[in-house]
**Student:** 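There's a structure below that I have some questions on.
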Amino acid sequence: MDDIQIEPRELKVKMDNGAKVLVVDVREPWEHQIASIAGATLVPLNSLPANMKLFEGAEEVVIYCHHGMRSLNAAAWLRSQGVDGARSLTGGIERWSVEIDASVPKY
């Protein structure tokens with residue numbers, strides 16, 4: 001599972017190039033209201049099992065959270081469920097804010 005993480009810059013390049021990447025925020029709704037990546041879908045971690053249909057047919061899925069731990073667990077779980085393209089955003093939304101989009105608030 002060496003490729004289970006993706007660097008923020010790599011995700012940004014994919015997004016800028018129009019790649020079909022499903023970006024999923026596994027934080028809680030209150031966290032998503034504070035800061036999010038444009039176009040991301042909110043699926044709180046505890047509701048992943050109930051939302052498996054969302055991942056059907058997705059070639060690449062990038063999961064993020066605040067610092068990257070919840071998303072790493074989510075990506076590993078999704079892979080165990082057959083979502084082979086699931087990856088975790090290294091450093092989460094915090095690192096995205098620092099390296100990619102400073103307009104995304106830190107909390």
Side-chain angles (χ1 to χ4, degrees):
M1 283 214 248
D2 292 339
D3 67 337
I4 197 164
Q5 294 192 72
I6 184 170
E7 296 290 322
R9 291 187 196 284
E10 184 181 350
L11 175 58
K12 176 71 168 134
V13 167
K14 286 177 179 282
M15 292 170 75
D16 287 349
N17 290 333
K20 291 189 176 186
V21 179
L22 175 60
V23 180
V24 178
D25 182 352
V26 294
R27 298 172 302 148
E28 294 300 314
W30 69 267
E31 293 175 288
H32 185 78
Q33 288 178 341
I34 294 170
S36 63
I37 295 174
T41 301
L42 176 64
V43 182
L45 186 60
N46 64 356
S47 68
L48 274 179
N51 285 283
M52 288 303 293
K53 280 197 172 281
L54 175 68
F55 304 102
E56 289 178 6
E59 290 182 25
E60 186 166 12
V61 178
V62 174
I63 311 292
Y64 74 91
C65 62
H66 192 183
H67 291 111
M69 293 311 298
R70 284 177 282 182
S71 60
L72 188 56
N73 289 334
W77 183 82
L78 284 168
R79 284 189 175 193
S80 77
Q81 301 302 304
V83 183
D84 297 331
R87 297 172 81 187
S88 172
L89 181 64
T90 305
I93 190 100
E94 183 81 12
R95 192 159 158 202
W96 181 268
S97 176
V98 170
E99 295 181 13
I100 305 302
D101 186 355
S103 71
V104 172
K106 293 187 221 170
Y107 66 100

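Just the heavy atoms: all of them, side chains too, but no hydrogens, waters or symmetry mates, feed the values below.
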**Student:** With no hydrogens and no angle check, do the side chains of Ser88 and Gln5 hold a donor and an acceptor under 3.5 Å apart?
**Tutor:** no
**Student:** Less than 4.0 Å between a side-chain N and a carboxylate O, is that true for Lys14 and Glu60?
**Tutor:** yes
**Student:** With the 4.5 Å side-chain cut-off for hydrophobic clustering, are Leu54 and Val26 part of the same group?
**Tutor:**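 Leu54 and Val26: one cluster.
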**Student:** Under a 4.5 Å side-chain heavy-atom rule over Ile, Leu, Val, Met, Phe, Trp and Tyr, are Met15 and Val24 clustered together?
**Tutor:** no
**Student:** Kindly compute the distance separating CZ (Arg70) from CG (Leu48), expressed to the nearest 0.5 Å.
**Tutor:**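 Going from CZ on Arg70 over to CG on Leu48, the span is 11.5 Å.
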**Student:** Please assess Arg87 against Glu7 for the test salt bridge (Lys or Arg N to Asp or Glu O under 4.0 Å), listing each intermediate value before the final yes or no.
**Tutor:** CA-CA 10 Å; Arg87 297 172 81 187; Glu7 296 290 322; over 6 Å; no
**Student:** Could you report the tightest heavy-atom contact between Ala35 and Asp25, atom names first, then the distance?
**Tutor:** O-OD2, 4.5 Å
**Student:** Please list, chain by chain and in numerical order, all residues satisfying side-chain contact (heavy atoms from CB on, under 4.5 Å) with Met52, sequence neighbours excluded.
**Tutor:** Phe55, Trp77, Leu78, Gln81, Val83
**Student:** Keeping Arg79 on the side-chain end and Ala86 on the backbone end, is there a donor-acceptor pair under 3.5 Å?
**Tutor:**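 Checked: pair present.
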**Student:** When clusters are formed by joining ILVMFWY residues with side-chain heavy atoms under 4.5 Å apart, either directly or through shared neighbours, do Ile93 and Ile34 land in the same one?
**Tutor:**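 In one cluster with Ile93: Ile34, yes.
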**Student:** Between Ile100 and Val62, is there a shared hydrophobic cluster once you connect ILVMFWY residues whose side-chain heavy atoms come closer than 4.5 Å?
**Tutor:** yes
**Student:** What is the minimum heavy-atom distance between His66 and Glu31, and which atoms define it?
**Tutor:**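 Closest heavy-atom pair between His66 and Glu31: CB-OE2, 4.3 Å.
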**Student:** Hey, mind stepping through Glu99 and Lys12 against salt bridge (Lys or Arg N to Asp or Glu O under 4.0 Å) and telling me if it holds?
**Tutor:** CA-CA 10 Å; Glu99 295 181 13; Lys12 176 71 168 134; over 6 Å; no
**Student:** Is there a path from Val61 to Leu45 through hydrophobic residues (I, L, V, M, F, W, Y) whose side chains come within less than 4.5 Å of each other?
**Tutor:**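 Yes, it is one cluster - the side chains of Val61 and Leu45 are joined through contacts under 4.5 Å.
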